[in-house]
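Structure, as structure tokens:
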2 protein chains.
Amino acid sequence: MNISILGAATTKFGELWSVSPRELARTVFSEALTASNLKPQEIDALFVGNMLSGILGNQANLGSLFAEELGVYVPAFRLEGACASGGLALHSGINSIRAGQYKVVMVLGIEKMTDHTQDEITHALMAAGSDEERASGVTFPGLYALIARAYMQEYKVGEEDIASVSVKNHYHGSLNPKAQFQAPITVEEVMKSGKIADPLRLLDCSPISDGASAIIITGDEKVKKRHSKPIQIIASEVATDSLSLCDRKSFTSLLSVVKAGDAAYKKTGLKPEDIDVAELHDCFSIAEVIATEDLGFSRRGEGASDIADGKHTLNTGKIITNSSGGLKACGHPVGATGVKQIVEIVEQLRHEAGIRQVPKARIGLCHNVGGSGTIAVIHILQK
Amino acid sequence: MNISILGAATTKFGELWSVSPRELARTVFSEALTASNLKPQEIDALFVGNMLSGILGNQANLGSLFAEELGVYVPAFRLEGACASGGLALHSGINSIRAGQYKVVMVLGIEKMTDHTQDEITHALMAAGSDEERASGVTFPGLYALIARAYMQEYKVGEEDIASVSVKNHYHGSLNPKAQFQAPITVEEVMKSGKIADPLRLLDCSPISDGASAIIITGDEKVKKRHSKPIQIIASEVATDSLSLCDRKSFTSLLSVVKAGDAAYKKTGLKPEDIDVAELHDCFSIAEVIATEDLGFSRRGEGASDIADGKHTLNTGKIITNSSGGLKACGHPVGATGVKQIVEIVEQLRHEAGIRQVPKARIGLCHNVGGSGTIAVIHILQK
């Protein structure tokens with residue numbers, strides 16, 4: 001059974017203090033339903049990706065909570081796998097349709113983070129790590145700083161090259177009205193920004209954000225006709241690795257991404273060079289450099305210089321990465337990110353991305369990661 | 001595709017202060033694998049049901065965490081739907097097999113609660129409710145007390161009749177070496193126990209518990225032969241209702257249970273009287289009374305008196321409910337409960353339940369509920 005995406009919607013990402021989670025959900029539900037020409041009663045199940053609502057706000061049971069906002073009490077599920085929660089929700093929704101259990105499924109990614117203090121968020125995000133990591137006092141910027149340090153040493157790559165990830169993504173973000181940050185930045189500005197965890201600086205790090213994204217998927221050929229441009233999901237693959245970074249053989253490649261990526265390429269018969277546009281999980285600049293290599297878009301050790309050379313930038317590149325601005329510029333409401341990536345690729349493949357449109361985009365990839373590479377979800381979409 | 005259960009294992013439920021969550025998982029993984037004659041490498045994916053680990057212990061990302069304990073880094077998912085998390089994990093595992101995505105799946109239900117204070121637990125469990133309910137100061141015993149009061153008024157049923165649920169379940173628990181409480185109790189003892197939330201007394205309430213349960217499922221006919229007594233899952237249905245109790249039309253029936261139960265009966269062509277043995281979600285005694293009626297085992301208003309009359313008790317009854325001791329006597333580690341119910345029914349259908357064996361048990365049902373009836377999961381199993 002071929003699964004297609006009909007309506008796809010996202011809120012603006014950012015500091016949405018005046019908007020409740022319920023309202024965020026209602027907004028994207030309504031837009032996704034309207035775009036699909038579907039009524040709420042035609043949705044058979046809801047899959048919610050969220051990481052932090054229980055930890056930060058003592059609100060669990062989110063499947064049921066958001067089913068209420070859909071206005072129909074359908075079977076509802078909350079998937080959690082740290083920052084990969086959105087991708088996992090989509091993967092589970094797809095399986096439930098292929099299983100013949102549900103016909104039309106809404107997938108929601110949502111997170112509300114900026115109502116809390118930085119210390120609370122830093123603490124809560126460490127829930128994605130291991131006991132040993134928390135006991136050591138390391139934070140997520142610290143974990144990715146260790147990865148960056150190892151990478152720089154192994155491949156003799158400088159901080160400026162890695163900084164070019166943020167420059168590219170802020171440039172793309174400047175073209176995206178839904179992005180949290182819409183101002184372009186320079187390598188010099190990244191290099192001048194304060195150190196968060198050496199060698200990572202403030203402008204190497206994705207921000208703390210609020211936001212929600214939703215898509216409607218179906219395998220039913222009749223329902224697919226409700227949208228003029230359904231987009232096919234041709235691969236949905238998940239893989240895991242150790243929870244603790246220290247248990248890995250290598251810091252400069254994420255095994256979970258390689259495994260899920262290889263499985264997705266194998267399932268579709270595609271090669272990295274067949275991808276036109278990709279949303280990569282750039283929680284930190286170094287994460288995108290390594291993703292670029294793990295997914296075969298660049299050779300080992302050349303990810304950063306390829307990005308610096310404009311090989312993945314709109315208008316100058318061949319495989320365009322993070323046309324939305326990525327986690328860095330578009331924002332990173334953790335449970336929403338995996339679904340927002342899909343929304344961006346859907347817009348690109350429909351050629352509805354406006355001034356950030358990747359010309360002739362036909363095949364897109366989404367790369368959603370949880371923890372320090374503990375879990376990876378890869379989706380490949382086709383026009 | 002017919003899905004069958006191979007190995008099924010549960011730890012003893014109770015105050016397991018000296019055992020870590022990782023060790024609980026390892027124990028049930030190992031027992032379920034051995035019983036299935038399978039190696040860890042033959043497991044394709046892991047589905048984890050857990051509600052409170054993030055809220056109470058700031059540990060999220062449990063799919064990946066427990067995949068590590070399985071010893072193989074397989075795709076891994078955490079499902080959360082309050083106290084229905086275990087049932088939702090199984091439902092999702094089933095769908096992933098039917099989808100053709102995975103062949104052999106481990107489902108784990110796990111919760112560690114007793115390391116925390118009662119106040120912390122009471123607060124954390126309210127994460128299953130709504131903002132409005134939390135703001136009102138109501139607790140879960142309080143919500144079910146409202147249900148009990150409405151039921152008693154509507155059907156002119158006394159507290160003693162409702163207390164017979166606890167008496168039956170403690171009797172069954174006294175026959176179960178895995179139960180948290182193995183001492184029989186009398187109606188008089190229930191009535192003498194302190195009021196928790198009028199009219200519910202201490203012995204009307206399920207306890208706070210630690211525990212883990214795991215099952216291995218597959219749709220592959222060759223793999224099924226690895227176990228001498230595979231048990232078929234012939235229905236897996238989920239339904240939801242409002243998050244807030246106050247938004248319901250009726251307090252004396254749970255719409256989520258009626259909907260999921262009806263769907264399961266319809267899918268199998270079975271009637272309530274075809275069920276030989278059922279595990280019901282008796283978080284409070286009144287919950288089992290209403291479940292007995294919502295699932296058609298008793299007529300409206302007669303659930304409590306039927307239980308008092310021994311109609312659901314081992315040796316005297318026809319449809320035996322909570323042969324494990326239920327949540328009341330076996331214990332209620334919330335994320336584990338939905339999977340433990342399956343383990344109990346599997347043992348019953350294999351006629352391996354020892355002194356609590358229901359004679360000639362052939363068809364069993366599991367009823368797992370989250371929140372105040374917000375979400376319900378029904379599974380029907382057949383020998």
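Chain letters run A, B, ... following the sequence lines, proteins first, then strands; residues in each count from 1. Since the structure is predicted, the reported quantities are computational estimates derived from the model, not experimental observations.
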Choice from [options] maximising heavy atom contacts with chain B below 4.5 Å:
options: A/Ile55, A/Leu56, A/Asn95, A/Asn58; value: A/Asn58
options: A/Arg98, A/Glu237, A/Arg78; value: A/Arg78
options: A/Thr374, A/Leu65, A/Asp241, A/Leu79; value: A/Asp241

Answer with side chain, backbone, both or neither: which region of [X] has an atom nearer than 4.5 Å to a non-hydrogen atom of chain A?
X: B/Ser236; value: backbone
X: B/Leu62; value: backbone
X: B/His91; value: side chain
X: B/Ser242; value: both

Beyond-backbone contact of A/Tyr102 with B/Val238, side-chain heavy atoms, under 4.5 angstrom: yes
Heavy-atom side-chain contact between B/Glu80 and A/Glu80 under 4.5 Å: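 Not touching, per the 4.5 Å side-chain cut-off.
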State, to 0.1 Å, how close [X] and [Y] come at their nearest heavy-atom pair, and which atoms those are.
X: B/Phe77; Y: A/Leu88; result: CE2-CD2, 3.6 Å
X: A/Ser244; Y: B/Glu68; result: N-OE2, 4.4 Å
X: B/Thr240; Y: A/Ser64; result: CG2-OG, 3.9 Å
X: A/Gln59; Y: B/Leu243; result: NE2-CD2, 4.0 Å
X: B/Asn61; Y: A/Ile375; result: OD1-CG2, 4.0 Å

Examine whether an atom of [X] lies under 4.5 Å from a heavy atom of chain B, and if so say whether it belongs to the side chain, the backbone or both; otherwise answer neither.
X: A/Ala67; value: side chain
X: A/Asn50; value: neither
X: A/Ser92; value: side chain
X: A/Met51; value: side chain

Whether A/Lys259 side chain and B/Val74 backbone form a donor-acceptor pair below 3.5 Å: no
Top contributor to chain A interface from [options] [non-hydrogen pairs under 4.5 Å]:
options: B/Ala128, B/Gly129, B/Gly63; answer: B/Ala128
options: B/Ala60, B/Ala76, B/Pro75; answer: B/Ala60
options: B/His123, B/Lys267, B/Met1, B/Met126; answer: B/His123

Atom pair CD/CD1 of A/Gln101 and B/Ile94 - distance to nearest 0.5 Å: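 It is 8.5 Å, given to the nearest 0.5 Å.
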